[in-house]
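All remarks here apply to the structure that follows.
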Amino acid sequence: MNTSKDSILTTQYPMNLDSLLRSEIQKAVAALFNQSVEQLQLQPTNAEFEGSHTLVCFPLTKISKLKPEETGTAIGNYLVQHADIVTRFNVVKGFLNLVIADKVWAEVFASIYANKKYGVLPANGKEIMVEYSSPNTNKPLHLGHLRNNFLGYSVAELYKATGYTVHKVQIINDRGIHICKSMAAWKLFGNGETPESSGLKGDKLVGKYYVEFDKNYKAQVKELVEKGVSEADAEKQAPIMKLAVDMLQKWEAKDAETVQRWKTMNGWVYNGFDVTYKRMGVDFEKLYYESDTYLLGKDEVLKGLEKGIFFKKEDGSVWVDLTPDGLDQKVLLRSDGTSVYMTQDIGTAILRFRDFPKIEGQVYTVGNEQEYHFKVLFLILGKLGYEWAKKCYHLSYGMVDLPTGKMKSREGTVVDADDLMQEMVDAARAQTQELGKIDEMSKEEVDDLAEMIGLSALKFFLLKVDPKKRMMFDPKESIQLQGHTGPFIQYTHARIKAILRKAASMNIVADAAALTNVDALEVAEREVLFKINQYPNKLLEAVKEYSPAIVANYAYELAKEYNQFYQAVPIFIESDPAKLRFRIAFSEVTAATLKKAMALLGIRMPERM
RNA sequence: GGUCUCAUAGCUCAACUGGAUAGAGCAGCUGCCUUCUAAGCAGCAGGUUGCUGGUUCGAGUCCAGCUGGGAUCACCA
């Protein structure tokens, strides 16, 4: 037992109230039953009972040789007598509900308040790479990319907060038949149109010709089929497709004119993407381009072939046999010796570890339709002898569905990223105006606030759901700014800031330690403190699970608890100056914690709204 | 067809990884603005956790089977 007079808690993370309580319970078990126990089931107490922490006693009955209720009572009594931090307890069925002393809560709070880096772990010297976004360059970004980008960005931020140095990267799929299709359509119908001449965003312009290609291609195929050509042949013979294929071949042969057009059109796309990424608030340390990496990996495969890790078929194609791992055989080099997607990904992975030798692993933020691909990729890298293959993780996320079903570009049901962000910001502005909140704001402030709120609604909506699960995106619902939303949390933050401004104007100084002499906390205060105390654990859990949703839901719960306090306890009518000063400090920490948590989701917090 | 995955309130999602009477938001209904921001708070109503078995002190959670969605199984990316 820690007998220090000054503090029964250590401010040194990760030691905290929970781990202290655990060790006290372990001591109790050891003393009472003469046995040591490592795993304790500690959970938050249900709201209907008194207490904050609950020990589940059923698993302990084996060593206590008592009924669950008796076990709980015995431990409860011991804790009250021997552990300073527990003042009362009650036992309901097999659950031991513990009441933590208010002076302990006060001390927990004071240590959090004093620690400016609360919830941020010190640098651990480790490095990791997070890949996300990775679009094709033939069309604009859409709703699916938004989930990907917000998720990847957030996971990278989570790693940073737990002490990692993070390298954010993406691989841009800038070559291949898809971009040649846009190029072909542009050549035929473009009349030299450029972003400048048309006023269109570059990615939108290139996307327009991709659609144009598809339209003409379909018409040509139909015409051929009507002339009696088989569908399979028609698909190959359609003149516009022949042109696209021809361009692909010319590109691979480095034909100057084709390469030039390819560079120009991709350049348009990149300019467009830059605008979109900027508004999303995401960034990248290094960009990989498929045109640079698509030939990589072949040597690795050939080396693997020599070592007998892979095998060659009669037609000259190279394969890996994964049947011992429960998977199939997979081609790695075509019979003509060219690479496939997998080959290239092997090469890129190795290249990245050469570029960033200190990274311990890579996180690939890619949709769950590629689960099989990554399973195979990591297995192959392992077979090639790369130890880090074990530390590669496919952050697989579910598809975003619309109320009308799946997004399909052919059916024009794709939700464009730029349009959606704009709609959200417009809705936020309209709502802000309607509520009459902008009377004293300049136009710039209003614009910035609308931007903050609109994107918060969107990001929170996409991040609050467990990434692994497929989710439904209902535009009407996402545009909502009340309830379980980002703006609700922002609002809580702005509210607290208003209190802090008022306190400052009244010369009230926050004092976290003021409460030490106070007997009892308000129930609502204890609830908020409990949440604030949880923050580091939630952060760790979120990183472990690769789940920003855990942070998002945590922030929501904390905001909700604070709002309950806000309504239950009017701060400035408090006559006891110690309580008043404590509550200012308490509000400060809540706002700071909300801000930190939301920053991990890429969401900014307004000072007023 | 093989493999993987999902199914919780009318709708969208939670449920601390096997623990108490399964919780929030939206939608519906009822209250609360002369006190720090009502984008809020309090309350009502809403459930056979797809179905059937099993494992155990205890199952939304684990196992088996069934039903119904989705993904994947290319010398595509």
Side-chain angles (χ1 to χ4, degrees), chain A residues 41-49 54 56-59 61 67-68 92-95 97 136 173 175-178 290 294 313 315-319 326-328 330-342 344-345 367-373 375 396 398-399 401 403 406 428 431-432 434-435 437 453 457 461 464-466 468-474 476-478 480-485 487-492 494-503 506 534 537-538 541 545 549-550 553 556-557 559-560 563-573 583 587 608-609:
Chain A
Q41 287 191 49
L42 209 54
Q43 60 187 38
T45 304
N46 279 12
E48 62 204 292
F49 305 116
T54 292
V56 183
C57 299
F58 300 97
T61 54
K67 290 178 186 166
V92 180
K93 297 186 190 170
F95 298 90
N97 303 319
N136 288 355
N173 198 357
R175 51 133 240 141
I177 191 67
H178 54 87
E290 206 188 60
Y294 81 110
K313 288 197 178 173
D315 61 6
S317 56
V318 177
W319 295 71
L327 303 176
D328 295 324
K330 196 84 187 166
V331 68
L332 297 177
L333 289 176
R334 297 189 185 100
S335 48
D336 65 2
T338 56
S339 295
V340 293
Y341 183 50
M342 186 65 74
Q344 161 189 328
D345 266 8
N368 64 7
E369 70 273 11
Q370 294 200 38
E371 268 170 13
Y372 185 77
H373 172 78
K375 222 179 258 178
S396 165
M399 201 164 290
D401 288 321
K406 250 171 102 165
Q431 181 72 227
T432 305
E434 198 178 311
L435 292 171
K437 305 253 181 176
I453 297 173
F461 191 91
K464 74 177 177 185
V465 181
D466 182 347
K468 292 194 287 284
K469 292 189 179 168
R470 107 192 322 256
M471 68 177 291
M472 169 73 77
F473 184 87
D474 186 340
K476 283 192 208 107
E477 198 184 319
S478 68
Q480 208 165 352
L481 310 176
Q482 296 94 21
H484 191 183
T485 65
F488 167 83
I489 300 166
Q490 291 178 312
Y491 176 73
T492 309
R495 233 180 186 184
I496 297 174
K497 287 293 177 172
I499 289 173
L500 299 179
R501 281 192 296 271
K502 180 167 176 175
M506 293 166 72
Q534 266 189 325
N537 286 338
K538 288 287 180 183
E541 191 188 338
E545 303 288 327
I550 289 170
N553 289 315
Y556 171 68
E557 287 163 21
K560 207 171 155 54
N563 276 322
Q564 283 168 22
F565 160 77
Y566 179 94
Q567 118 84 33
V569 185
I571 292 177
F572 291 103
I573 63 167
R583 283 176 191 153
S587 298
R608 56 189 89 215
M609 70 184 272

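Below, read A as the first sequence line, B as the second, and so on, with proteins coming before strands; counting in each chain starts at 1.
- Rounded to the nearest Å, the gap between the C1' atom of B:G65 and that of B:C29 is 44 Å.
- Atom CG in A:N97 sits roughly 16 Å away from atom P in B:G19 (whole-Å rounding).
- On a pure distance criterion of 3.5 Å, no polar donor-acceptor pair joins the side chain of A:T492 and the base of B:A39.
- One atom, CD1 of A:I499, and another, C1' of B:U37, lie 9 Å apart when rounded to the nearest Å.
- Comparing B:G23 with B:G47, their C1' atoms sit 12 Å apart, to the nearest whole Å.
- The side-chain heavy atoms of A:I571 and A:S587, taken from C-beta on, include a pair separated by under 4.5 Å.
- A sub-4.0 Å separation between OP1 or OP2 of B:G70 and a side-chain N or O of A:K469 is absent.
- Taking only side-chain atoms of A:P44, from C-beta outward, the nucleotide of B:A39, B:C36, B:C16 with the closest atom is B:C16.
- Between A:N563 and A:M471, the one whose closest nucleotide on RNA chain B sits nearer the 5' end is A:M471.
- Of the C1' atoms belonging to B:A27 and B:A64, the separation is 39 Å, rounded to the nearest Å.
- Residue contacts shown for A:E545 include a base, since a base heavy atom lies under 4.0 Å away.
- With both ends at atom P, the span from B:G60 to B:G53 equals 15 Å, rounded to whole Å.
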Pair A:F58, A:F95 - check side-chain contact (heavy atoms from CB on, under 4.5 Å), show working. CA-CA 8 Å; A:F58 300 97; A:F95 298 90; 3.8 Å; yes
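- Taking only side-chain atoms of A:D466, from C-beta outward, the nucleotide of B:A14, B:A77, B:C36 with the closest atom is B:A14.
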Pair A:Q431-A:Q482, side-chain contact (heavy atoms from CB on, under 4.5 Å): steps then yes or no: CA-CA 11 Å; A:Q431 181 72 227; A:Q482 296 94 21; 4.1 Å; yes
Can you check nucleotides 71-74 of chain B for protein contacts, nitrogen or oxygen pairs under 3.5 Å, and list what you find?
unit_1, atom_1, unit_2, atom_2, d
B:A71, OP1, A:K406, NZ, 2.2
B:C73, O2', A:D328, OD2, 2.9

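- A:Y341 meets the ring-ring contact (aromatic ring centres under 6.0 Å, His included) test with A:H373; sequence neighbours excluded.
- A stacked arrangement is not assigned to A:Y566 and the six-membered base ring of B:G40, the conditions of a centre distance below 5.5 Å and an interplanar angle below 30° not being jointly met.
- Phosphate contact (OP1/OP2 of B:A39, side-chain N/O of A:K437, threshold under 4.0 Å): present.
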Under the side-chain contact (heavy atoms from CB on, under 4.5 Å) criterion, do A:N563 and A:F488 qualify, and how do the steps go? CA-CA 10 Å; A:N563 276 322; A:F488 167 83; 3.2 Å; yes
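- The separation of B:A74 from B:G18, taken at their C1' atoms, amounts to 43 Å, rounded to a whole angstrom.
- Heavy atoms of A:E557 sit nowhere under 4.0 angstrom from any nucleic acid atom.
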Classify every nucleotide of nucleotides 23-33 of chain B by which part a protein heavy atom approaches to under 4.0 Å, writing B for the base, S for the sugar-phosphate alone and - for neither, in 5'-to-3' order. -SSS-------
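- Annotation: salt bridge (Lys or Arg N to Asp or Glu O under 4.0 Å) contacts of A:E557 (sequence neighbours excluded): A:K531.
- Looking at heavy-atom distances under 4.0 Å, A:V569 makes contact with a base.
- Side-chain polar atoms of A:Q344 and A:S339 form no donor-acceptor pair below 3.5 angstrom.
- Here A:F95 lies in heavy-atom contact (under 4.0 Å) with a base.
- A distance below 6.0 Å separates the ring centres of A:F461 and A:F473.
- Taking atom NZ on A:K468 and atom C1' on B:U5, their separation rounds to 12 Å, with Å as the unit.
- Per the geometry, CG belonging to A:L327 stands 9 Å off C1' belonging to B:U3, to the nearest Å.
- As rounded to the nearest Å, B:U30 and B:A45 have C1' atoms that lie 11 Å from one another.
- Centre separation under 5.5 Å together with a plane angle under 30° holds for the ring of A:F58 and the six-membered base ring of B:G19, marking them as stacked.
- Exactly one residue among A:Q370, A:E369, A:K468, A:E371 makes a side-chain hydrogen bond (donor to acceptor under 3.5 Å, both in side chains) with A:S396. That residue is A:E371.
- Comparing B:G69 with B:G50, their C1' atoms are spaced 11 Å from each other, to the whole Å.
- A distance of about 23 Å separates the P atoms of B:U52 and B:U12, rounded to the whole Å.
- A cation-pi contact, defined as under 6.0 Å to the ring centre and within 45° of the axis, is absent between A:K464 and A:Y556.
- Contact of the A:K93 side chain with the A:P68 side chain is not registered, since no non-hydrogen atoms from C-beta on lie closer than 4.5 Å.
- Toward the 5' end of RNA chain B, the nearer of the two residues A:I571 and A:N136, judged by each one's closest nucleotide, is A:I571.
- Nucleic acid contact for A:T338: none, since no nucleic acid atom lies under 4.0 Å from a heavy atom of the residue.
- For A:D328, there are no salt bridge (Lys or Arg N to Asp or Glu O under 4.0 Å) partners two or more places apart in sequence or in a different chain.
- Between the side chain of A:T432 and the backbone N or O of A:A428 there is at least one donor-acceptor pair closer than 3.5 Å.
- No engagement by A:L333 is indicated, since no non-hydrogen atom pair under 4.0 Å with the nucleic acid exists.
- Using a 4.0 Å heavy-atom distance criterion, A:M609 is classed as a base contact.
- The existence of a salt bridge linking A:R470 and A:D401 is confirmed by a sub-4.0 Å separation between a basic side-chain nitrogen and an acidic carboxylate oxygen.
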Each base of RNA chain B marked ( ) or [ ] if paired in-strand (Watson-Crick or G-U under 3.5 Å), | if paired to another strand and . if unpaired gives (((((((..((((.....[...)))).(((((.......))))).....(((((..]....))))))))))))....
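- Counting non-hydrogen atoms under 4.0 angstrom, A:V340 reaches the backbone sugars and phosphates but no base.
- Looking at heavy-atom distances under 4.0 Å, A:P68 makes no contact with the nucleic acid at all.
- Nucleotide B:U35 holds its C1' atom 7 Å from the CD1 atom of A:I573, rounded to whole Å.
- In this structure, the OH atom of A:Y491 is 12 Å from the P atom of B:C36, given to the nearest Å.
- In terms of phosphate contacts, A:Q564 brings a side-chain nitrogen or oxygen within less than 4.0 Å of OP1 or OP2 of B:A42.
- Within 4.0 Å (heavy atoms only), A:Q344 reaches no atom of the nucleic acid at all.
- Within 4.0 Å of A:T54, counting heavy atoms only, lies at least one base atom of the nucleic acid.
- Among the atoms of the strands shown, only primed sugar atoms or phosphate atoms (P, OP1, OP2) are found under 4.0 Å from some heavy atom of A:N173.
- The minimum heavy-atom distance between A:Q490 and A:M609, with the atom names listed, is C-SD, 3.5 Å.
- In this entry the distance linking NZ of A:K464 with C1' of B:U12 reads 7 Å, nearest Å.
- Distances shown here put a side-chain N or O of A:R495 below 4.0 Å from the OP1 or OP2 atom of B:A38.
- More than 12 heavy-atom neighbours from other residues, nucleotides or ligands sit within 6.0 angstrom of NZ on A:K313.
- Separating the NZ atom of A:K476 from the C1' atom of B:G10 is a distance of 15 Å, rounded to the nearest angstrom.
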